Each structure stands twice: as C-alpha cells, then as structure tokens.
Amino acid sequence: MTNLTHLTIKEALTGLKKKDFTVSELTAAHIKATEAARHLNCYITETFDVARKQSKESDARYAKGDGRLLDGIPIAMKDLFCTEGIQTTAASKILKGFKPPYESTVSGNLFRDGAVMLGKANLDEFAMGSSNTTSAYGNVINPWRRKGDDKPLVPGGSSGGSAAAVAARLAMGATGTDTGGSIRQPAAFCGITGIKPTYGRCSRFGVVAFASSLDQPGAFARNTEDCALLLQSMAGFDPKDSTSVNCPVPDYTQFLGQSVKGLKVGMPREYRIDGTSPEIIKLWESGVQMMRDAGAEIVDVSLPHTKYALQTYYVIAPAECSSNLARYDGVRFGLRVEGENLIDMYEKTRAAGFGKEVKRRILIGTYVLSAGYYDAYYNKARRVRKLIWQDFTEAYKKCDVLLTPTAPTAAFAIGDNMQDPVTMYLNDIFTIPASMAGMPGMSLPVGLSSDGLPLGLQLLGRPFDEGTVFKAAHAIEKAANFTALPQTLLSKVA
Amino acid sequence: MAHALLKGDTGEWEMVIGLEIHAQVLTKSKLFSGAATDFGAAPNAQVSPIDAGMPGMLPVINKLCVEHAVRTGLGLNAAINLYSVFERKNYFYPDLPQGYQISQYAHPIVGNGHIEIDLADGSSKTVGIERLHLEQDAGKSLHDQHPSKSYVDLNRAGNPLMEIVSKPDMNSAEEAAAYVTKIRAIVRYLGTCDGNMDEGSMRCDVNVSVRKPGDALGTRCEIKNVNSIRFVQQAIEYEARRQIEVIEGGAKIVQETRLFDTKNGTTRTMRSKEDAHDYRYFPDPDLLPLKFEQEFVESIKKTLPELPDAKKHRFMKDYGLSAADASALISEKPRADYFERAAKGRDAKLTANWVLSELLGALNKAEKELEQSPVTAEQLGGLVALISDNTISGRIAKEVFAEMFVTDKSATEIVAAKGLKQVTDVGAIEKIVDDVLRANPDKIAEYKSGKDKLFGFFVGQVLKQSGGKANPAIVNDLLKAKLGKG
C-alpha cells in the first residue's frame with residue numbers, strides 16, 4: 001500500500017471510492033504520523049477518538065455507496081473554531097478547558113460532508129501573530145529546515161499548526177482563519193497552498209473573534225484542487241452571521257485547468273518594497289513569466305495606498321480586538337483568578353489569562369478608540385481603509401487577478417524578528433491590503449530559496465470571484481510543478 | 001401650573017427637565033438572539049450563547065424590533081432614518097456579558113419628533129422628541145442572595161429596548177409625569193411596548209437642571225432608573241429643591257449621575273463626571289448598517305391605529321367633550337374604546353361623566369381592570385339613555401348602576417323590577433309638594449324671611465317622599481312657583 005499520508009485529498013477520495021483502503025486505515029495512518037511528529041507541536045488538542053468514530057461512520061457510508069464531498073478525509077481544525085463539546089482554546093490560557101456547547105458553521109459544514117477531525121491545531125494566541133510564537137501552548141515548528149542548518153523555523157502565523165500539519169503530512173487539509181495574512185503567510189512558509197476567500201464567503205459563526213471586520217475562515221491543502229474541495233464544503237451563506245453574504249457558491253473545481261489565455265494579470269508596482277528578499281523578487285518575476293507563457297496578459301497596476309495598509313490595519317484590528325476580547329472577564333467561562341473585589345478579579349484574570357502580544361493589541365485598541373484619539377486614529381484608519389478598497393476596485397478595472405509575493409522572506413528561525421513587534425508586523429505587508437479590502441487571496445508554493453526553503457506567490461481576485469483565483473493559481477501550480485518535501489519528511493520517506 | 005416656578009431665597013427658579021425612557025420592545029425574542037423575553041422566568045432560563053457573550057457568537061437583528069421601532073417613531077411624529085448604525089458601547093460589568101452593549105449612537109433609527117402632553121387643568125403642551133434608538137438591555141446583578149457573593153441573572157440581557165430621548169422641554173414634575181403618561185399611552189396604542197413600569201418594561205432616566213427664568217441652561221444631573229410615574233415626580237421635586245439649595249448656598253452643581261431612593265424620596269450621588277466611563281463607541285463590525293426603503297416605512301404607516309392625540313381632538317370635536325374629559329378617556333385605549341361603544345347614540349358628555357366617575361370609581365374600588373368590568377359598554381349606554389329620556393334621575397341611576405355592577409341585569413330590567421321609573425306626572429308631584437309644604441309652615445316662614453338655603457331642604461323632602469322617583473326639575477319648578485321666589 002502507498003504511503004497514505006502522502007496522498008492528496010482528491011487521490012484519497014478516489015482510493016476510498018475504489019475501496020483501495022478504508023477511512024479507518026487512512027485515519028490510522030495520520031494518527032500514527034501525528035504521534036511521531038509531536039515535537040512539531042501542531043495540535044493543542046488531539047481528537048483521535050473523535051477521528052476514529054467519524055472514520056467508522058464514514059466507512060459505513062462508503063459501504064452503502066453514499067460517500068460525501070470530503071468523506072473520510074482527515075483534517076486539522078484550527079483551534080479558533082468552536083467545536084461542540086471539544087476544548088476550544090484560541091491558544092490562550094484564558095480559554096483553557098472551555099468546551100463550547102455549539103459547533104461553528106464551518107466545522108459543522110465540514111463534518112456534514114464527512115471530514116474527519118484529527119485535532120485542534122495550534123495557532124498564535126487569538127490569531128494574533130505571524131510566527132505562531134504567541135501561543136500559550138508553545139510555538140509550532142515548521143517541518144522545513146534550512147539546508148545544512150538544524151535551527152527550528154517558524155511555520156508562520158497565525159494558522160501555524162494548520163499549515164505545519166498539512167506540510168508535515170499529518171493532515172490532508174486544514175481550516176484556517178485569515179485576518180491580515182494568517183492563512184496565506186503560513187502557507188508560503190510551509191510550502192503548501194492556502195486560500196482566504198472573500199470576506200463574507202465563509203461564516204464566522206462559532207469562530208472565536210479577533211477582528212470581526214477582517215476575520216475570514218479559509219483552507220489549507222497541498223494543492224489548488226484540494227483547496228477547492230475544502231472551500232466548497234466550508235463556504236456558503238449563513239443566516240447566523242450578519243456579515244455572511246448570500247451569493248451562490250460555484251463548483252470551484254470547474255475552474256482548475258481552464259485556460260488563462262487573455263486573462264489580465266496585474267502586477268501592483270507598489271509591492272516592490274524595500275527589504276523584500278531578492279530571491280522573492282526573482283520568484284515573483286518567474287511567476288509572471290509562467291502566466292505569460294500560459295497566455296495571460298501582464299498588466300502594470302497601481303495600488304497607491306499600499307504604504308498605509310499596515311498602519312491602518314494596526315489601528316482597526318486592535319480596536320476591534322480590544323472590544324471582542326472584553327468578554328473574557330472570568331465571570332462566565334474559562335479562566336478566573338479570584339480577587340479582593342470585582343475589579344481585582346477582572347485584572348488578575350486578564351493579567352494571567354492573556355499573553356504579551358494580546359495585551360499589547362488590547363492596549364493599542366483601547367487607546368485608538370478612546371476620547372481625544374478616536375478621530376486621529378480610528379476614524380482616520382477607517383477612511384484610509386476605504387481608499388485601500390478603492391485601490392483594488394480601480395485595479396480590477398484593468399486586470400482580473402493580481403499576482404504578488406506572499407511574504408517578504410522565507411520562514412525565519414524561532415526567536416528571530418522578536419526584538420520589536422514592528423519587524424514582525426512587516427511579515428504581513430503583502431497580505432494585509434487585500435484583507436483590509438475584503439478581497440479573496442491565495443498563496444501557493446512556487447519555488448525554493450537558495451537555502452532550500454519554500455517560497456510562495458499570492459493571487460488576489462475580485463470579491464466573490466474565487467473561481468478566477470483558482471484558475472490562475474492552477475496555471476502557476478502546473479508551471480511551477482513544486483514537488484519539494486520538507487527535509488524532515490525526506491529523511492523518513494527515504 | 002404648566003410653568004411652575006420654585007421659590008428660593010434669591011427669588012424664583014425654573015426647572016428644566018428632559019427624559020430618557022427605556023421601553024422594552026414587545027416581542028417574543030431578544031434583539032439579537034432567539035431567546036425568549038418573558039418576564040418572571042427562573043434565573044438564567046432565557047439565555048442563548050449569544051446573550052451570554054460566548055466566544056464566536058454573533059448577533060442577528062430581530063426584524064420585528066426594527067418594525068416596532070419604526071412604528072413607535074411614527075407614533076411620535078418623528079423622522080424615520082432609512083440608514084442607521086449599531087455601535088458598541090464598551091464597559092465592564094458582570095451583567096454585561098459581551099463587555100459591550102450593542103446600541104445606536106451617531107445614527108439612530110428615529111430622529112426628531114414631538115408629542116402633545118395633557119395637563120390637569122385641561123391645557124396641553126408640545127414636547128420635542130430628540131431621537132429613538134434600539135439597544136440591548138443588560139442582565140441583572142443580584143447582591144442580596146448571598147452574604148459575600150453577587151449573582152448574575154442574564155434573562156434580561158439582550159432584551160430589545162427603545163430608548164426614547166425627549167428634548168429638555170418640560171418645566172415641572174407634573175409635565176414630566178404627563179409626558180411619561182403620554183409616551184406610555186402611545187406605545188400601548190401601537191402595541192410596541194406593554195408599558196408596565198412595575199415589571200421594568202418601561203424605565204426612566206430623568207435629567208434635571210434649574211435656572212433663573214430667562215437665564216441660560218444650568219448644569220444638569222441625571223437620575224437613573226426611576227421606575228414609576230410617581231417616583232419621577234418625587235425625584236424631580238427633590239432634585240430641583242436640592243439644586244436650588246446648593247446654588248443659593250454659594251456652591252455649584254456638579255454634573256453627575258444620581259440614584260433615586262424610593263424609601264425616603266431623595267436622590268444621591270451614583271458617580272460624578274470624572275468617574276464617567278469612556279464608552280469607546282464604534283460601529284459594531286458584526287452587524288451591517290441597518291438600511292430599509294421608504295416603502296417599508298409606508299407599509300407600517302398604513303397599519304397605525306388612531307393615536308392618543310388624534311383621538312383626543314376627535315373626542316373634543318365630535319362629542320363636544322372638554323379637554324380634561326377627552327384626555328382622561330384617551331389615556332388608555334380600552335377606556336376610549338369602551339366610551340365610544342357606550343356613547344353610541346347616547347348623550348356623549350353624560351356618557352363620559354359616567355365612564356370617568358361612576359364606572360372607573362367602582363372598578364377601582366373593586367380592584368378590577370376595565371376589561372373585567374361587570375357592566376358592559378352597551379349596558380352603561382342603556383343606563384345613560386334612561387337618564388337622558390327622564391326615565392330615571394341621576395340619583396336613581398347611581399342606585400341602578402350599583403345593582404348593575406353586581407348583577408348581570410340591564411338598567412331597564414332593574415328599573416322595571418324595582419319600580420324606579422321617575423315620576424314626571426306634574427299632578428302627582430304637586431300633591432307631594434303640597435304635603436311637604438303643609439307639614440313645614442315654620443320652615444316656610446324662615447325661608448321667606450331670607451333663609452334661601454332651605455330651598456334645598458324642601459327639594460330633599462319632596463324627593464324623599466317620592467322615594468327618589470320624582471323628576472327633580474319638575475320638583476324645582478313647582479317649589480319655586482309655590483314658595484313665590486325664583
């Protein structure tokens with residue numbers, strides 16, 4: 001039997017249908033791989049019992065011949081999605097032991113379609129971070145290593161556990177959430193594919209909130225086709241989320257392999273940012289060439305307000321977070337540290353429950369919303385956000401998709417970029433503008449750096465036009481033919 | 001009365017009063033969740049994960065609340081805003097599970113409007129409405145259940161409230177009371193709030209300041225959560241007096257939030273302006289701006305009932321009622337409806353008197369609501385008809401009414417059974433008059449020497465002799481003729 005954990009979702013579905021192997025066998029292989037790779041710290045909570053139970057049910061469906069869209073596919077669930085009766089922590093101490101009495105819409109959709117949950121994947125605390133180092137449950141380790149260097153690298157963040165698990169072949173796919181790049185950047189760092197759909201495409205119901213106007217669930221897998229299958233299941237209008245949009249979900253796989261002849265691919269000139277590694281610029285140019293070779297037309301476009309995106313994001317996101325995280329007060333659920341009186345209990349609970357980065361953002365957010373600073377920061381940021389949105393709207397008059405790098409560097413070592421928060425925040429410079437504008441985006445691996453680390457390119461599309469993003473991404477995927485495996489896996493496979 | 005001035009040591013003072021009324025929208029479920037809103041359920045029995053502020057939970061607007069807010073806005077003659085925004089008001093408290101209250105701030109659903117208030121002397125006054133906005137209620141903290149712990153009941157958390165803000169157009173406690181009374185009548189007519197202040201479905205925040213007539217507005221204090229009309233009046237009277245004393249004592253009024261103590265009728269500091277929260281309002285990113293079309297407003301407009309003020313003016317015009325009687329009748333819709341049914345084809349003024357004095361008095365005494373009245377509107381109309389056509393006198397009518405109130409009989413039946421039909425036969429009455437005069441020669445002498453009051457004595461004697469059945473007008477005429485005065 002082939003190594004089951006190295007199959008794509010599509011291949012596994014075919015194998016299951018043909019009864020080459022059972023779901024229970026597929027799940028067992030992933031559980032075994034996960035047990036062997038615990039040092040990567042991909043999961044906060046392993047849910048093997050749930051996985052085994054779901055596998056049995058799935059096998060029964062296959063036996064009856066009514067396998068569903070993702071029936072039997074073992075996945076990792078970012079621990080920001082509430083799962084009924086299963087601990088959901090958001091990687092924060094403040095939610096330790098919290099078992100939601102409800103299921104998030106996205107996880108519910110995946111279970112409806114037969115997905116098997118292996119565990120709750122690690123992440124930056126409350127999804128605030130770009131390296132998965134802010135998790136209260138320890139950092140995740142990227143399965144990739146630099147050539148000749150054993151230093152552990154970050155998987156990116158915030159969905160670091162999800163990305164690392166998929167890259168390390170511990171799960172066939174994973175859910176993520178993207179607020180400023182939390183799917184696309186870790187996908188790039190881990191050499192896999194990740195899609196953040198349009199804001200409003202996937203329901204936020206049951207997703208622990210970081211910044212409500214930016215948070216958007218999405219998917220990780222090892223290629224565009226698998227991402228399309230996962231998103232197909234996750235997406236759709238949800239009356240329980242007022243910001244969810246009632247727009248039909250097309251069959252995303254139909255876009256894969258469609259010709260990109262005549263497709264207008266925009267290269268935003270403002271994305272040539274100082275400090276971007278020359279290798280990344282080279283990769284970008286090669287991606288452009290791949291599109292050109294496939295018949296696409298390359299268009300020079302301008303997104304003039306790009307330079308304000310990061311600053312704007314770090315006003316809006318903390319403002320929303322400061323309010324969203326007010327509910328963690330020790331009164332009803334999660335951690336409580338007793339105090340002399342009510343205020344003392346609040347202070348002790350929140351001091352002990354939140355990590356440094358979360359506290360920093362709550363403070364920033366409280367500050368920018370406070371009387372006297374509100375107009376200078378929050379209101380101005382909202383106005384700039386509108387301009388950023390306009391940038392994209394104007395650009396999409398000239399092109400169908402945008403092609404950019406995903407991150408300015410490859411994965412860095414754990415401990416690097418920690419000296420000051422701004423250096424860390426710069427990691428999201430290419431992903432944040434699209435988040436601010438609510439546009440769909442995807443990252444896919446296109447090449448390796450000179451020291452053997454994966455590098456990704458990002459495709460951005462029009463609102464609710466994930467289809468064209470898939471089409472363009474698939475064309476690059478085909479041309480790039482990225483087959484490299486993390487070194488840690490190579491040694492085992494060999 | 002309308003512009004009552006208060007006397008202080010330094011002269012006269014004018015009160016300036018504005019009210020914020022929180023009216024709970026009459027719906028089965030909460031503003032942003034499907035949990036029930038019934039009053040009096042066991043603690044925390046009506047709480048959804050959304051109301052409890054659980055992680056990942058999202059608010060979804062209850063459409064009926066929007067309809068009711070628009071409906072109420074129309075009832076307040078107010079501008080309806082087709083675009084409004086829900087914002088978060090951020091502060092920490094155990095009975096505020098999300099750590100913020102979802103409210104409307106910069107863009108409320110209803111803008112400027114006005115209503116008419118009815119005062120005891122029959123005059124009326126227009127009071128401006130600043131705005132009406134929708135917001136969530138908080139839960140309830142219970143501090144008296146345990147010696148060292150506080151308990152939280154979240155049943156009320158998330159209940160839909162309409163906050164109705166008046167302009168500072170009132171100048172006396174009486175006007176404020178009349179305002180609350182009218183708002184309550186309007187929301188009850190509209191069916192958008194039950195107006196039950198004792199169950200907390202209507203609560204008032206009262207803003208009071210004082211100034212010398214003609215001066216600029218003084219510094220105001222806000223008295224929170226006053227829950228009866230009587231308390232609103234008491235709180236205003238106490239607070240205005242307190243402020244005058246402070247100012248006349250040479251000190252300044254500090255802008256602050258105060259609490260009304262129902263036990264001794266005083267107000268006391270709750271928190272000063274320095275302790276005021278910075279609520280950090282910002283648009284709730286979980287909710288899109290609330291937008292609807294003018295057609296939606298028009299469709300609601302079509303279903304509006306006749307409102308209290310319109311009804312009052314119609315009663316005055318069509319039935320010739322005084323402003324005071326009309327106001328008293330329209331203050332509650334069932335009362336106005338009862339009156340109209342009873343007055344159909346009858347003497348309207350007389351009917352109004354009977355509804356307002358005899359019927360309401362009897363109901364009050366029996367501790368019954370109008371809906372439980374043993375005398376139907378039609379039956380009361382029948383009684384009024386008997387008075388109008390001189391079948392019985394007003395005095396006999398009271399007797400008949402008392403009987404009607406405890407039996408199921410109509411006025412006609414009682415009058416017939418008891419032989420109470422009024423005597424209008426002049427000859428028969430004259431005979432009684434003569435008997436009475438003959439029996440009281442001394443009184444006649446006194447009367448003739450100037451003791452006019454004795455006329456009533458003769459009337460009373462004649463009526464008594466007739467068993468109350470003699471027509472009083474005829475008795476009067478005959479007596480006047482026979483006593484040679486008149």
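Proteins come first, then strands; the chains are lettered A, B, ... in the order of their sequence lines, and each starts at number 1. Because the structure is predicted, anything quoted here is derived from the model rather than measured.
- Using a 4.5 Å cut-off between heavy atoms, P101(A) contacts chain B through its side chain alone, with no backbone atom that close.
- Contact of F81(A) with chain B is not made at all, since no heavy-atom distance falls under 4.5 Å.
- No hydrogens or angles considered: nothing links the side chains of S182(A) and T179(A) as a donor-acceptor pair under 3.5 Å.
- Note: G53(B) leads G53(B), G99(B), S150(B) in heavy-atom pairs under 4.5 Å with chain A.
- Within the 4.5 angstrom heavy-atom criterion, atoms from both the backbone and the side chain of F205(A) approach chain B.
- In terms of heavy-atom pairs under 4.5 Å with chain B, the best-connected choice from V207(A), T88(A), L80(A), V331(A) is V207(A).
- No donor-acceptor pair closer than 3.5 Å links the side chain of S209(B) to the backbone N or O of R220(B).
- Among A326(A), A319(A), S213(A), the residue making the largest number of heavy-atom pairs under 4.5 Å with chain B is A326(A).
- Proximity to chain B is absent for every atom of A211(A), based on heavy atoms less than 4.5 angstrom apart.
- One side chain, T134(A) or D124(A), offers a donor N or O that lies under 3.5 Å from an acceptor on the other.
- Using a 4.5 Å cut-off between heavy atoms, Y91(B) makes no contact with chain A at all.
- Only the side chain of Y100(B) comes within contact range of chain A, with heavy atoms under 4.5 Å apart.
- Of the atoms belonging to L214(A), not a single heavy atom falls under 4.5 Å from chain B.
- Contact tally against chain B (heavy-atom pairs below 4.5 Å) for R327(A), R204(A), K240(A), E320(A): the top residue is R327(A).
- Heavy-atom distances place both the backbone and the side chain of N324(A) under 4.5 Å from chain B.
- Look at K224(B) and E222(B) and you find a salt bridge, because one of the NZ, NE, NH1 or NH2 atoms lies within 4.0 Å of a carboxylate O, short of that distance.
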side-chain contact (heavy atoms from CB on, under 4.5 Å) between D205(B) and L19(B), worked out: CA-CA 6 Å; D205(B) 296 343; L19(B) 292 176; over 6 Å; no
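- In terms of heavy-atom pairs under 4.5 Å with chain B, the best-connected choice from I343(A), T366(A), L325(A) is T366(A).
- Interface remark: S323(A) contributes backbone and side-chain atoms alike to the contact with chain B (heavy atom separation under 4.5 Å).
- Interface residue D286(B): backbone and side-chain heavy atoms are both found under 4.5 Å from chain A.
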